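Worksheet: the structure to be examined is printed underneath.
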Amino acid sequence: NLVFDALMNAYTDSGFVSDAVQCFRLVKSNGFRVPFHSCGYLLDILIKSNSPVIAWAFYLEILDSGFPPNIYAFNILMHKFCKERNVQEAQKVFDEISKRGLHPSVVSFNTLINGYCKNGNLNEGFRLKRVMENTQVSPDVFTYSVLINGLCRESRIGEANKLFDEMCERGLVPNDVTFTTLIDGHCKTGRVTGAMEIYQKMLTKGVKPDLITYNTLINGLCRIGDFVRARNIVDEMKKKNLKPDKITYTTLIDGFCKEGDLESALESKKVMISQGVELDDVTYTALVSGLCREGRVEDAEKTLMEMVRAGIEPDEATYTMVIDGFCRKGDVKNGFRILKELQNGGNVASLVTYNVLMNGLCKQGQMKNAKMLLDAMLNLGVVPD
RNA sequence: CGCGACUAGUGGAUG
């Protein structure tokens with residue numbers, strides 16, 4: 001038995017997980033005792049690799065051979081499936097918990113409820129909450145936060161508020177995440193005043209806002225164009241020793257861009273750099289998009305190249321924005337130049353990009369070139385719509 | 001035997 005244990009571990013450690021699984025099957029089919037230690041180890045590895053399907057299949061196999069079921073393993077697998085938006089499979093894992101003689105924990109419920117909420121099936125989420133209430137597993141702060149978030153995402157703010165109250169009435173104490181969730185819901189539906197009230201309530205109740213809370217508020221304020229208060233919030237967070245992160249800056253940059261205030265956006269970018277905060281793909285896309293919208297294509301292209309130099313490959317949509325920017329100025333030639341850049345970056349231009357160029361050519365009356373482009377598309381297997 | 005390990009909230013994006 002020790003031998004099989006060692007053998008399976010060796011396969012696992014060498015990255016030959018499928019051989020390890022085979023090894024397990026051989027041991028089992030030959031009637032030897034199943035090496036639980038190495039099975040557990042392999043299971044861990046499989047769970048950590050991003051293929052919950054394989055991990056789940058293996059888990060079922062070893063459970064069948066007597067491996068002791070463990071609620072954490074089930075929960076983690078459910079979570080992985082949910083992350084892949086595969087709630088159906090998560091539900092199967094959930095159902096298996098009871099079949100294997102365990103009881104779903106509050107985490108099991110919360111994970112599944114979240115999966116359903118993210119899939120737009122709030123009803124099932126609430127049904128599970130009732131199941132919890134009937135089975136000694138009381139909904140906790142996570143349960144409520146998940147459901148409040150689900151309601152918020154569907155703009156059902158009144159119900160979200162009610163659920164928040166229900167939670168408090170039941171003696172549960174909302175934490176920073178709960179408050180932030182509710183604040184975000186209010187912001188996203190334009191109720192920024194309400195959001196600020198919740199924020200005040202949060203402070204009154206002694207719940208400490210964190211970086212995410214502030215970013216959420218800043219986003220809400222930017223969306224209604226209230227940059228004065230947005231900046232005030234930034235100052236407030238600094239006073240509390242919270243350093244603005246890339247999301248804070250990107251939120252501001254995007255907010256300024258959407259307002260058409262490119263100077264402030266670029267100024268924020270400067271501050272960001274001087275503070276040693278890294279720009280990521282989202283930051284750059286916000287800038288490129290903003291510059292294009294304002295017709296500053298050359299600057300957009302510079303930013304695009306800066307992005308490439310920073311080691312971040314822009315995606316097709318980002319290149320296409322710049323191509324479109326040139327085309328709108330009647331400069332189709334430069335549009336095609338960017339197309340080349342796109343292709344050099346290892347991207348494949350698809351329908352939308354070609355349509356942008358096609359549009360540019362047609363608007364310029366370059367029908368012959370447009371026809372050639374159409375032929376090129378057909379040759380490349382890009383189906384025109 | 002004990003302990004640990006699992007769940008919720010924030011930014012951009014093309015015709």
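Keep in mind the model is a prediction, meaning the values are calculated, not measured. Throughout, protein chains are lettered first and strands after them, A, B, ... in sequence-line order, and every chain is numbered starting at 1. Values below: every heavy atom of this structure, side chains too, minus hydrogens, waters and symmetry copies.
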Using a 4.0 Å heavy-atom cut-off, does [X] contact any base of the nucleic acid, only the sugar-phosphate backbone, or nothing at all?
| X | result |
| --- | --- |
| A/R293 | sugar-phosphate |
| A/K118 | sugar-phosphate |
| A/T111 | sugar-phosphate |
| A/K258 | sugar-phosphate |
| A/K188 | sugar-phosphate |
| A/D44 | nothing |
| A/T248 | nothing |
| A/D385 | base |
| A/D176 | base |
| A/V352 | base |
| A/S289 | sugar-phosphate |
| A/S145 | base |
| A/T213 | base |
| A/T181 | sugar-phosphate |

Legend entry - Any A/W56 side-chain heavy atom under 4.5 Å of A/E96 side chain: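 Yes, side chains in contact.
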With the side chain of [X] defined as its heavy atoms from C-beta on, choose the nearest nucleotide among [options].
| X | options | answer |
| --- | --- | --- |
| A/A286 | B/G9, B/G12, B/A8 | B/G12 |
| A/V107 | B/U7, B/G9, B/U14 | B/U7 |
| A/T250 | B/U7, B/U10, B/G11 | B/G11 |
| A/D324 | B/C6, B/G11, B/U14 | B/U14 |
| A/V177 | B/G11, B/A8, B/U10 | B/A8 |
| A/N75 | B/C6, B/U7, B/U14 | B/C6 |

Side-chain donor/acceptor contact of [X] with base of [N] under 3.5 Å:
| X | N | answer |
| --- | --- | --- |
| A/T285 | B/G12 | yes |
| A/D281 | B/A13 | no |
| A/D280 | B/G11 | yes |

Legend entry - A/Y319 and A/E313 side chains, donor-acceptor separation under 3.5 Å: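 Result is yes, a qualifying pair exists.
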Inset, instruction - Classify the side-chain pair A/Y41/A/D13 by whether it contains a donor and acceptor separated by less than 3.5 Å. - result: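 Their side chains do contain a donor-acceptor pair, which is all the 3.5 Å distance test asks for.
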Inset, instruction - Kindly check if the number of other-residue, nucleotide or ligand heavy atoms within 6.0 Å of CZ (A/R170) is above 12? - result: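 Yes, the 6.0 Å shell around CZ holds more than 12 heavy atoms from other groups.
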Inset, instruction - State whether the number of non-hydrogen atoms from other residues, nucleotides or ligands found under 6.0 Å of A/M372 atom CE is greater than 12. - result: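 At most 12 heavy atoms, drawn from other residues, nucleotides or ligands, come within 6.0 Å of this atom.
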Inset, instruction - Might you point out which heavy atoms bring A/V348 and A/L342 nearest each other, and give the distance in Å? - result: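 Heavy-atom minimum between the residues: C-CD2, 4.0 Å.
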Separation of atom [atom1] in [X] from atom [atom2] in [N], rounded to whole Å:
| X | N | atom1 | atom2 | value |
| --- | --- | --- | --- | --- |
| A/K83 | B/U7 | NZ | P | 8 Å |
| A/Y319 | B/U14 | OH | P | 17 Å |
| A/N219 | B/G11 | CG | C1' | 6 Å |
| A/L279 | B/A13 | CG | P | 16 Å |
| A/L304 | B/A13 | CG | C1' | 13 Å |
| A/L77 | B/C6 | CG | P | 14 Å |
| A/L217 | B/G11 | CG | P | 12 Å |
| A/L211 | B/G9 | CG | P | 15 Å |

Legend entry - Spatial distance of atom CG (A/L291) from atom OG1 (A/T303) [nearest 0.5 Å]: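 The OG1 atom of A/T303 is 5.0 Å from CG of A/L291, to the nearest 0.5 Å.
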